[in-house]
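First comes the structure, then the notes that go with it.
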Amino acid sequence: MKTKKSKLTKFQWQVLKEAAKIPLGQTRSYKWIAKKIGLPKSARAVGQALKINPYPLIIPCHRVIKENGALGGYMGKNTTRKEKLLNLEKEIQNNFRKI
DNA sequence: TGTCCGCGGGTGT
DNA sequence: ACACCCGCGGACA
């Protein structure tokens, strides 16, 4: 992927924004976001958008899972990353509650 | 439960 | 402009 312009399309931003709105420890499905941006059938494009997200630190792409509950994929099919990250977020929630 | 097709958009050629 | 790709989803066998 060249992405020499590093400029994402409107669609991409919509997906990233919705993903960024996902509360800590919460999860959303690709379709959920797709519907949110007005394209309920573009779950695929949503996943691709999250994949190419330029700000993985602020875009909780690991919070986005499949509609059937599966983690879908994070790096290929290594859903282990997602599980760990989601579990970590659970701890973060717990920390907030403690404070 | 496993496989196939369709949908929507991206990127490369 | 065309073809292939993708971290899906739903239907069908």
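A, B, ... follow the sequence lines: proteins, then strands. Residue 1 opens every chain.
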Exercise for review: For A:Arg44, enumerate each residue passing the side-chain contact (heavy atoms from CB on, under 4.5 Å) test, keeping only those at least two apart in sequence or located in another chain.
Suggested key: none
Exercise for review: Would you please name every residue forming a side-chain contact (heavy atoms from CB on, under 4.5 Å) with A:Asn68, sequence neighbours left out?
Suggested key: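 A:Lys66, A:Ala70.
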When the distance from [atom1] of [X] to [atom2] of [N] is rounded to whole Å, what number comes out?
X       : N      : atom1 : atom2 : result
A:Glu18 : B:dG9  : CD    : P     : 16 Å
A:Asn53 : C:dC6  : CG    : P     : 17 Å
A:Lys41 : C:dG9  : NZ    : C1'   : 12 Å
A:Asn68 : C:dA11 : CG    : P     : 13 Å
A:Leu8  : B:dT11 : CG    : P     : 8 Å
A:Phe11 : C:dC6  : CZ    : P     : 16 Å
A:Ile22 : C:dG7  : CD1   : C1'   : 13 Å
A:Ile65 : C:dG9  : CD1   : C1'   : 14 Å

Donor-acceptor pair present, [X] side chain and [N] base, under 3.5 Å:
X       : N     : answer
A:Glu67 : C:dG9 : no
A:Tyr30 : C:dG7 : yes
A:Arg44 : B:dG6 : yes

Sugar-phosphate, base or nothing in reach of [X], heavy atoms under 4.0 Å:
X       : value
A:Leu50 : base
A:Val46 : nothing
A:Ala45 : base

Review point. Pick from A:Thr80, A:Ile65, A:Leu85: which one makes a side-chain contact (heavy atoms from CB on, under 4.5 Å) with A:Leu71?
Key: A:Ile65
Review point. What nucleotide among B:dG9, C:dG7, C:dC8 has an atom nearest to a side-chain atom of A:Gln48?
Key: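 Per side-chain heavy atoms of A:Gln48, the pick is B:dG9.
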Check your understanding: Partner of B:dT13 by Watson-Crick or G-U wobble geometry, both contacts under 3.5 Å, or none?
Key ->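 C:dA1 - that is the nucleotide pairing with B:dT13, both distances being under 3.5 Å.
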Check your understanding: With both distances under 3.5 angstrom, what nucleotide forms a Watson-Crick or G-U wobble pair with B:dC7?
Key ->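 Per the H-bond distance test, none.
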**Study point:** OP1 or OP2 of C:dG9 under 4.0 Å from side-chain N/O of A:Lys31
**Key:**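 No, no such contact exists.
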Review point. Hey, does the side chain of A:Thr9 come within less than 4.0 Å of B:dG10's phosphate (OP1/OP2), counting only N and O?
Key: yes
Study note, to complete from the structure: Minimal heavy-atom distance between A:Glu18 and A:Ile33, with the atoms involved, is CB-CG2, 3.9 Å
**Study point:** Value rounded to 0.5 Å, distance of CZ in A:Arg28 from CG in A:Leu50
**Key:**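 The CG atom of A:Leu50 is 13.0 Å from CZ of A:Arg28, to the nearest 0.5 Å.
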